Amino acid sequence: MRDTCRLADLAATARLLNPRELGRRLRSPRGRDLSRSLLYNYEDCCMKGRMKVNGVLLLLLCLGSALSAVIAAPQTCPANLEAKCNDASSDDWEGEFFPGIPKIKYEGPTSKNPLSYKWYNAEEEILGKKMKDWFRFSVAFWHTFRGTGADPFGAPTKSWPWEDGTNSLAMAKRRMRAHFEFMNKLGVEWWCFHDRDIAPDGKTLAEANANLDEVVALAKNLQEGSKIKPLWGTAQLFLHSRYMHGAATSSEVGVYAYAAAQVKKAMEVTHYLGGENYVFWGGREGYQTLLNTDMQRELDHLARFLQAAVNYKKKIGFNGTLLIEPKPQEPTKHQYDWDAATAFAFLQKYGLLGEFKLNIECNHATLSGHSCHHELETARINGLLGNVDANTGDPQIGWDTDQFLTDIAEATLVMLSVVRNGGLAPGGFNFDAKLRRESTDVEDMFIAHISGMDTLARGLHNVAKLIEDGSLDELVRKRYSSFDTEIGALVEAGKADFETLEKKAMEWGEPSVPSGKQELAEMIFQSAL
Ligand code: XUL
Ligand code: CO
């Protein structure tokens, strides 16, 4: 097994040494931190590959590769404050990060300019609200600025001009400045982040917090004089090995405490930056096997953790909404916040309803065997729809591919729920989506977001058409109209007992059951696209 994996490891290393990579190493005196790309590869390999590829072979490869990674890969520089890790002592950068890319403007559907909006017209009023207020679009820092293009079998492919290959504090600051130029040029006013995306980790919690403070102070300065602020912040409780058994559901109380400290700090900085929400995505809150798991204790611990977060939020005067982001699995075999209905039941059981809403991610919805529309509607009818992590999956690949949404029919369904919800504020649409591995031009970062924003704008236009036309609403209204009067109205009022209903059933005889008109509903929907 070790030999097979060593071969895989060598192959991965060889792939890193392509001419492009070599060029980059030559530019940077210490070269790129190889271990990080390997780390991501192993993680992806073990988490994602299991879904489709030959299971046993892949598992062996993953296990062995992970082992050889530990042996062969150089140590990462978690804080990069030491000289040996910190090539970039300055975050200086001459001129623009995105030279030649103008501020993106609305040019209308006939425009052929890829760097323009064809449908998203921020100030245009539609269904009683400006488009920008329906959407509240947000850039996800981790994908757009930390995504490397690495996949289970290959090295990073992106070589953004401002990256120097380190995870230093200076690099974090330069990256943050690039991020703000990106948002300003795109015309987006919200951003989302994990604590560890924006600042390097530390050898101690205190050091990590100090790193975070430095980058957050810069972000605060860059926000000054603009409308830009976080849509939400969150703590990264899944990458570090301490979280291998989970964070709030870890079997180790030391890990539980560390996670609490990380969330405390992440909530503080989100509040400081004027963030409007705070997200809990429990990537490792779940299990690999129930044989070694006390599910009841773990769920109790998670509830205590979330209650402590509610208490702390109130203590520091943070008025943002707390959001739970359901996902069924990946990286765990089973994540506790499986889907919207499971999260709802959990919140009810532990008396947390009213303190949390849900952040529905479309790709997570399809992983759980639902449509995004189903998850949005489940959240909405229970008063829990707080935010959308706007992305989509790939029906053939089947894992969390985090693609930008470009399907107009899907976007129309998403917007049907959002419009019925009266919007999402203080939530919004966060592009939890990444460029494809093969998309390596800086302008692709813009094109991907523009395309996602235009697709959702088309969805909103289509919903306006459907509402104006009214025939879909009428079809649904008519379908349930037998409950509008007499005995049906009594049922809905909770006043129809079994004796009354039996009497009616006897009197009416065999009920006539009308057509469900599914094809007509689909025809009306299609005609709006
Ligand atoms: C992972 C995912 C996360 C959360 C934030 O699938 O969606 O990026 O949105 O932790
Ligand atoms: Co997400």
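All ligand and atom numbering here is 1-based and tracks the order in the structure. Predicted model, so just to flag it, every value in this text is computed and none were measured.
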Exercise for the section: Any salt bridge (charged side-chain N to carboxylate O under 4.0 Å, His left out) involving residues 347-370? Give me the pairs, sequence neighbours left out, ordered by first then second residue. Expected result: Lys314-Glu355
Handout entry: Total protein N, O or S atoms, the Co ion (ligand 2), separation less than 2.8 Å
Key = 4
Exercise for the section: Establish, yes or no, whether the cationic atom of Arg242 lies under 6.0 Å from the six-membered ring centre of Tyr258 and within 45° of the ring axis. Expected result: yes
Do any nitrogen or oxygen atoms of ligand 1 lie under 3.5 Å from a protein nitrogen or oxygen, and which ones?
residue, atom, partner, partner atom, Å
ligand 1, 6 (O), Lys327, NZ, 3.0
ligand 1, 6 (O), His364, NE2, 2.9
ligand 1, 6 (O), Asp400, OD2, 3.0
ligand 1, 7 (O), Glu325, OE2, 2.7
ligand 1, 7 (O), Glu361, OE1, 2.7
ligand 1, 7 (O), His364, NE2, 3.3
ligand 1, 7 (O), Asp432, OD2, 2.8
ligand 1, 8 (O), Trp142, NE1, 3.3
ligand 1, 8 (O), Asp432, OD2, 3.3
ligand 1, 9 (O), Glu325, OE1, 2.7
ligand 1, 9 (O), Glu325, OE2, 2.9
ligand 1, 9 (O), Asp389, OD2, 3.0
ligand 1, 9 (O), Asp432, OD2, 2.9
ligand 1, 10 (O), His194, NE2, 2.7

Problem - Asp454 and Ser451: side chain donor to acceptor below 3.5 Å - result: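 Result is no, nothing qualifies.
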Handout entry: No-hydrogen, no-angle side-chain donor-acceptor test under 3.5 Å, Gln223 and Trp191
Key = yes
Exercise for the section: Just grab all the disulfide (SG to SG under 2.5 Å) pairs involving residues 273-391, residues at least two apart or on different chains. Expected result: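 Of all non-adjacent pairs touching residues 273-391, those that pass disulfide (SG to SG under 2.5 Å) are Cys362-Cys372.
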Exercise for the section: Measure the shortest side-chain to side-chain distance between Leu306 and Ile324 over non-hydrogen atoms and say whether it is less than 4.5 angstrom. Expected result: yes
Practice task
Output yes when Asp339 and Lys327 qualify as a salt bridge under the 4.0 Å nitrogen-oxygen rule, no when they do not.
Solution key: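 Salt bridge flag = no for Lys327 with Asp339.
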Handout entry: NZ/NE/NH1/NH2 to OD/OE distance under 4.0 Å, Lys220 and Glu224
Key = no
Practice task
Look at the side chain of Arg284 and the backbone N and O of Phe238, then say whether any donor-acceptor pair between them is shorter than 3.5 Å.
Solution key: yes
